[in-house]
Every structure is written in C-alpha cells, then in structure tokens.
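In what follows, a structure is listed as structure tokens, so that the remarks can point back to it.
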Amino acid sequence: MVCMKLGSKPEAFQREGQTWTCKAGLPSDVVIEVGEMSFHLHKFPLLSRSGVLEKLIQDITDQPNCSLQLHDLPGGAKSFEIIAKFCYGVKVELTPTNVVSVRCAAEHLHMTEAYGEGNLIKRTEDFLNEVFANWDDTIKALESCEEVLSYAQELHIDSRCIESLANKACADPILSAQPSSRRKKTNSSNGDGLWNGLRTEIESQTVGEDWWYEDASFFSLPMYKRLIFAVGSKGMSPEITAASLMFYANRHLPGLMGKSISKNNVDHVNPSSSISSLPEEDQRHLLEEIVGLLPEKKGVISTKFLLRLLHTALKSHASSTCREDLEKRVGAQLDQAALEDLLIPNMGFTVETLYDIDCVQRILDHFISADQDSEGSSSPCIVEEGQLIDQNPPLTPITKVANLVDCYLAEVAPDVNLKLPKFQMLAAVIPDYARPFNDGIYRAIDIYLKAHPWLTDSEREQLCRLMNCQKLSVEACTHAAQNERLPLRVVVQVIFFEQLRLRTSVAGWFFVSENLENSQGQQVDGATDRKEDQGTGMNDMGLKVSELEKECLNMKQEIDKLGKGKSSSSWSILSLLGFRKSNPKNPNTSKPCNSKATPSSEPTSAAPVNGGENHEKH
C-alpha cells in the first residue's frame with residue numbers, strides 16, 4: 001500500500017475527550033466544531049491555506065467568541081483533523097483509505113494553489129495518481145468513495161477509480177503484473193521458491209482471466225454495475241463479463257449456491273466466503289439488476305445457472321420483465337438443460353401442481369419459436385427406417401429437447417393434480433419428426449395413466465394419440481401389447497405395426513440372402529478365403545432370419561393370449577386388421593414361412609405374419 005507523508009513538524013495536537021487542542025504555546029483564538037468534535041486552533045494557519053476559512057474567520061473577527069461550525073465538511077472530524085495538521089505543518093499521512101475524503105474536504109474548503117504552493121488539493125491529486133497505479137489501493141479508494149459519494153462524484157474520483165480498475169481488468173494479468181489480492185500467492189511450504197536456503201519472492205504464474213472476480217464481488221451494486229459497463233466498453237469478451245456476473249450473483253444470492261467453482265464456468269462460489277444474506281426486497285432488486293446486465297450473446301451463460309436465476313426470480317416474485325427475460329434466455333438454449341434443473345417447484349399463489357408446468361411450457365414455446373426461425377424454409381429432419389432399426393438417430397437440438405421433455409413429462413406425470421389438457425399441451429408442442437423413437441413419450445403416458453385411473457376411455461384414447469405406435473422399439477411394443485391400461489385400439493395398432501415391421505425385416509433378409517446366393521454361384525472360381533467369408537456371412541444371416549422368425553412366433557402367441565382375454569367384439573377389430581385366431585386342429589389357419597438361409601440349409605418354420613401369408617423364394 002502506498003502512502004504520502006505531509007509536513008515535518010512533530011506532533012503538536014492533543015486530544016482530550018471530544019476536544020482537540022494545538023500545543024503551540026499561544027492561546028487558541030478560534031474554535032471550529034465538526035460534528036461532535038471541537039478544535040481549539042489559531043486563525044492565521046487556517047486562513048492562510050483555505051479560501052473558505054479565510055472568509056468565515058473574517059466574518060466573525062468582531063465577535064467576542066470566534067466559533068465556526070463545519071458540520072457539512074466531507075469526511076467529518078477525521079478529515080478536518082488531517083487538514084488542521086496540514087495547515088500547521090505537522091506530520092500527517094495520506095493513505096488510499098483517507099485520501100478521497102481529504103481531497104473532497106480540501107475542495108470544499110477551497111485549498112488551492114492561490115493560498116500557498118503545494119496546497120492540499122494538489123498534494124492529494126498527486127497521491128491519487130499514485131493510488132490509481134495499484135489495483136488494491138484503487139479498490140480501497142473506490143470503497144472510501146461511498147462515504148462521500150456526492151462529493152466524489154462531483155470531482156469524478158469514483159469514475160477515475162472505475163476507469164483504472166477497468167483498464168487493469170482488461171489487461172493481460174501476467175504482462176501487466178497487477179498486484180491483486182487474488183494473485184498474491186504464498187510460497188508453498190515444500191521448499192519451492194528457496195535458493196541457498198533463502199526464500200525468493202516468486203509469484204505464481206497460474207493467473208487466469210478470473211483473477212479480479214472476487215475483489216469486484218465485494219463492491220456495492222451501483223459500483224459493480226459501473227465496473228461492468230466500463231469493462232464492456234473497453235472490449236472485454238461477453239464470456240468473461242458473464243462469468244464475473246455469475247460470481248457476483250452467487251456471492252450475494254444464497255439461493256444460487258453450488259458445490260464448486262471452475263475457471264471456465266463460474267457457476268458457483270464457496271459458501272464460506274459469501275456475504276451475509278440481504279433482505280428479501282434487496283435480493284429481488286439485486287436479481288433484477290443482474291439479469292439486466294447479462295450479455296445478449298447466446299451460450300455465454302450456462303443453462304443451469306439461468307434456470308437457477310429463474311427459480312430464484314419465481315421464489316422472490318421478481319418483476320414479470322425479469323422472469324420473461326430469463327425464460328427467453330433458457331428457451332434459446334434449452335437443448336443444454338438437465339432434467340433436474342427444469343423441475344422448478346410451483347411458487348404461484350394458487351398452487352395446483354407440484355412443479356411449475358406453465359413456466360416450462362413458456363420456455364418450450366420460446367425454444368420451438370427460435371428453432372423454427374433458425375430452420376427457416378429448410379425441411380425438418382426425416383428419420384429413415386434404417387436409423388430406427390439401428391437405434392442411432394441424429395442428435396439435433398430439437399431431438400435433445402424432445403428427449404428432455406419426455407423425461408420431464410414422466411417426472412411430473414405421477415402428480416394427481418396435473419390435468420390432462422396441460423399434460424397434452426406440453427407433450428404436443430414437440431413435433432413428430434423430433435421423436436425418432438416414441439419410447440419416452442410412451443413411458444410418460446403409461447405413468448400418467450397409472451396415476452390417473454379415473455380417466456374415461458375417450459380420454460385415454462385422446463392421450464395415446466400423442467405417441468406414434470410405428471416409432472416404438474421392440475421392447476416398448478412388447479410392453480404395450482401386455483399393458484392393460486392402454487385402450488384396445490392402441491394395443492391393436494402396436495401389434496399390427498410390430499408384425500408389419502418384422503414382416504418387412506424378414507422379407508429384406510430373404511432378398512439379401514437370395515442376392516448373396518446368386519452372387520456366390522457366379523463367383524465359384526474365386527479365392528478359397530473369399531468363399532469361406534461368404535459362407536460365414538450366409539450362416540450369420542441364417543441365424544438372424546431364424547431369430548426374426550422366432551419373434552414372429554412370439555408375437556402370434558401374444559395375439560392368441562390377447563384374444564382369449566378379450567371379448568369377441570375385440571377380435572372382430574383384430575380381424576379387420578388381418579389377424580385370425582390360431583386353431584391347432586385346422587392346419588389351414590396359418591402356414592409357416594419357409595426360406596433358405598444357405599444353399600445347404602434345411603427349411604425353417606416360422607410364425608405366421610398377418611394372417612399366415614407365405615414368403616417363398618422363387
């Protein structure tokens with residue numbers, strides 16, 4: 001810390017209680033009252049240095065008791081004590097903590113060069129320039145501006161402090177070598193920094209762009225806002241500015257506390273270093289101000305942190321503008337959200353559901369709107385049949401959000417207070433092409449049906465229209481075929497599309513097998529190793545065809561079981577789709593599917609597909 005000593009005379013002031021007396025050997029001829037303190041001084045040293053004191057003393061010269069009152073002096077009695085000692089030439093020390101109030105007091109008393117060379121205004125200005133060269137000293141000076149803010153603003157001292165800090169924050173921390181408290185690293189105790197038994201002053205070189213976050217987080221909100229505007233005007237990247245805002249918010253808003261803090265994603269701050277909780281009204285104001293400072297650039301603030309801000313905003317009943325801003329920001333990058341962060345408790349005055357479904361609905365609407373704007377006239381992603389079989393759909397943002405919404409619906413579905421229209425509205429926002437598989441939405445529907453057994457048949461069918469039975473996996477189809485909570489029409493659709501898919505798959509394998517067989521016949525004179533590879537491939541294909549035929553048999557058995565448990569009218573619906581009950585005594589009921597996997601393989605029987613149609617190779 002830098003300091004400046006003024007004057008050379010020894011201490012000539014003595015304090016007794018609330019009274020200061022100058023021990024100059026002469027009786028005091030003027031009394032100056034500043035706050036609760038009284039200074040018994042002499043006229044000449046004062047009026048020779050201050051234009052204001054000169055005028056005031058001249059006005060009371062004819063009065064028997066010369067007494068002045070300076071209750072409005074910036075810095076109060078502490079500042080006037082330094083001023084009085086300076087006028088007498090007594091040794092005083094200027095520090096970054098007291099220089100601002102002394103500078104404001106000197107200006108107030110008009111202590112210019114017209115009343116003596118090297119007067120207090122010039123001396124304090126020279127010292128302030130030294131203070132501005134040091135990060136820590138500038139912070140101390142800025143903090144002291146709070147005590148005399150109106151006077152400091154008139155003299156632009158606070159602006160000069162902010163400007164100095166902004167320049168240092170934007171500069172390279174290693175090249176500029178600013179001695180901040182974050183960068184002062186103590187040497188480790190394992191001998192590092194020792195040379196011939198002597199400790200050397202080696203500072204750690206691991207200095208990141210976040211070195212100034214902690215110091216700035218102790219600023220008052222008005223000062224911090226000014227610093228953020230200043231660093232932004234000097235070209236600081238939105239990522240660094242956003243990280244500083246997250247650090248500041250975590251320190252002052254206890255609801256945002258997390259577990260750790262990282263260099264690239266300052267989402268959390270150590271709770272032990274946090275400032276005491278602010279009143280609820282102050283927290284709400286601080287939250288709204290921080291949201292207004294967030295950079296507009298997408299992605300610079302993590303979705304997790306934005307959702308935490310939104311949760312706090314809802315909890316503290318922040319302004320609608322603040323909540324809408326956060327919802328739009330979350331919606332713009334919803335594909336990066338996690339399920340646990342979307343589970344926002346319902347903070348409304350009329351609590352109906354456990355979680356705030358309406359908030360998630362608005363966020364999802366923002367995402368869909370932004371996604372449609374970005375897509376423009378381009379066609380939506382179309383998932384081919386092969387991708388469904390391979391179970392490897394493309395992970396586009398809309399696909400990620402679809403998975404997230406399905407998981408969210410499954411999480412909120414057990415809430416008995418969740419109305420069917422609200423569940424449908426949230427699920428229907430996702431377009432059909434965004435769900436390559438419908439297992440997630442099926443699971444959510446099944447959970448909702450289980451938690452709401454009072455739904456009518458019409459409502460159940462209406463709910464099941466949210467899923468596409470053609471996009472269910474084999475496992476989901478097997479579960480749905482035995483699910484008594486689903487309407488019969490839906491079960492029939494599931495079985496029909498699954499058998500149709502298996503039938504198509506088996507026909508495809510037959511086609512490939514036939515082509516390979518013909519190709520093998522044309523290449524008899526090929527190399528021996530090539531023949532062995534083809535033979536192995538044909539055997540593997542035969543096994544796969546056998547597996548598919550077994551699945552067909554299992555599906556047929558499931559249809560038979562369903563037929564035994566349902567009424568004859570139900571099976572009339574199945575018959576319309578091409579299904580018939582199997583009759584073991586009547587061999588004409590169904591015919592097996594025969595195919596040759598390899599030239600040497602025997603005919604293999606399989607379950608009938610859609611009424612027992614035959615697939616024979618010609």
Side-chain angles (χ1 to χ4, degrees), residues 298 303 306-307 310-311 314 320 323-346 348 352-383 393-415 417-449 451-452 455 459-472 476 490:
K298 176 183 174 182
T303 308
L306 289 173
L307 284 167
L310 179 58
H311 183 186
L314 294 171
S320 58
R323 297 195 303 268
E324 291 173 2
D325 187 10
L326 288 172
E327 288 172 357
K328 289 180 181 179
R329 290 176 181 273
V330 174
Q333 51 194 62
L334 184 59
D335 56 303
Q336 303 172 16
L339 174 61
E340 59 181 5
D341 300 318
L342 272 183
L343 298 175
I344 303 174
N346 201 334
E352 295 182 356
T353 56
L354 179 61
Y355 297 108
D356 197 336
I357 311 294
D358 295 333
C359 178
V360 176
Q361 179 76 54
R362 293 190 297 269
I363 292 174
L364 186 57
D365 290 340
H366 288 307
F367 172 81
I368 295 298
S369 177
D371 183 73
Q372 292 175 349
D373 292 341
S374 62
E375 290 291 339
S377 59
S378 60
S379 59
C381 59
I382 300 176
V383 181
L395 291 178
T396 60
I398 186 66
T399 304
K400 294 179 182 178
V401 171
N403 294 334
L404 178 64
V405 171
D406 291 346
C407 293
Y408 180 82
L409 288 170
E411 195 70 26
V412 302
D415 190 349
N417 294 323
L418 178 57
K419 304 300 182 183
L420 178 60
K422 186 169 291 189
F423 184 93
Q424 290 177 296
M425 187 180 302
L426 186 60
V429 174
I430 301 297
D432 182 67
Y433 69 83
R435 290 189 175 105
F437 294 99
N438 273 210
D439 291 18
I441 187 63
Y442 166 67
R443 175 172 173 266
I445 291 174
D446 185 44
I447 295 174
Y448 188 85
L449 290 173
H452 301 76
L455 293 179
E459 290 174 333
R460 290 171 183 267
E461 291 193 5
Q462 186 180 5
L463 178 62
C464 290
R465 292 194 188 102
L466 294 171
M467 68 176 177
N468 187 344
C469 297
Q470 300 183 64
K471 293 185 177 182
L472 294 178
V490 177

With heavy-atom distances below 4.5 Å as the criterion, would you say the side chains of Met467 and Val490 are in contact? yes
At what distance, to the nearest 0.5 angstrom, does CZ of Arg435 lie from CD1 of Ile430? 5.5 Å
Cys359 versus Ile344, closest heavy-atom pair with distance: SG-CD1, 4.2 Å
Taking every heavy atom of Arg460 against every heavy atom of His452, the minimum-distance pair comes out as NH2-O, 4.3 Å
Run the numbers on Ile363 and Leu310 for side chain to side chain contact (heavy atoms under 4.5 Å, CB included), then give the verdict. CA-CA 11 Å; Ile363 292 174; Leu310 179 58; 3.8 Å; yes
OG/Ser369 to CG/Asp365 distance, rounded to the nearest 0.5 angstrom? 8.5 Å
Considering all heavy atoms of both residues, which atom of Ala413 and which atom of Ala451 are nearest to each other, and what is their separation? O-CB, 3.8 Å
Would you say that more than 12 heavy atoms from the other residues, nucleotides or ligands in this model lie under 6.0 Å from the NZ of Lys328, or not? no
salt_bridge(Asp325, Arg329) N-O dist < 4.0 Å: yes
Is the backbone N or O of Asn468 less than 3.5 Å from a side-chain atom of Asn438, with the two atoms forming a donor-acceptor pair by type? yes
Arg323 vs Ser320, test: side chain to side chain contact (heavy atoms under 4.5 Å, CB included). Steps then yes/no. CA-CA 5 Å; Arg323 297 195 303 268; Ser320 58; 3.8 Å; yes
Nearest heavy-atom pair of Val405 and Leu426: which atoms, and what distance? CG1-O, 4.2 Å
With side chains defined as the heavy atoms from C-beta onward, is the minimum distance between Leu409 and Tyr448 less than 4.5 Å? no
List the atom of Leu404, the atom of Ala338, and the distance in Å for their closest heavy-atom pair. CD1-C, 4.0 Å
Got a second to check how far Ile445's CD1 is from Phe423's CZ, nearest 0.5 Å? 6.0 Å
Tightest non-hydrogen contact, residues Ala410 and Ala444, listed as N-CB, 3.6 Å
Could you give the distance from CG (Leu466) to CE (Met425), rounded to the nearest 0.5 Å? 11.5 Å
Is there a side chain to side chain contact (heavy atoms under 4.5 Å, CB included) between Thr303 and Val330 once you walk through the steps? CA-CA 6 Å; Thr303 308; Val330 174; 4.3 Å; yes
Side chains of His311 and Pro345, heavy atoms from C-beta outward: is any pair under 4.5 Å? yes
Please walk me through it: do Leu343 and Tyr408 pass side chain to side chain contact (heavy atoms under 4.5 Å, CB included)? CA-CA 8 Å; Leu343 298 175; Tyr408 180 82; 3.7 Å; yes
To the nearest 0.5 Å, how far apart are NZ in Lys422 and CG in Asp358? 4.0 Å
Look only at the side chain of Tyr355 and the backbone of Leu342, and say whether a donor-acceptor pair between them is shorter than 3.5 Å. no
Donor-acceptor pair, side chain of Tyr442 and main chain of Phe437, under 3.5 angstrom: no
Given Val412, which of Ile447, Leu354, Ile357 fulfils the side chain to side chain contact (heavy atoms under 4.5 Å, CB included) condition? Ile357
Is a side-chain donor or acceptor of Asn346 paired with a backbone partner of Thr353 at a separation under 3.5 angstrom? yes
CD1 (Ile441) and CG (Asp432) are apart, to the nearest 0.5 Å, by 11.0 Å
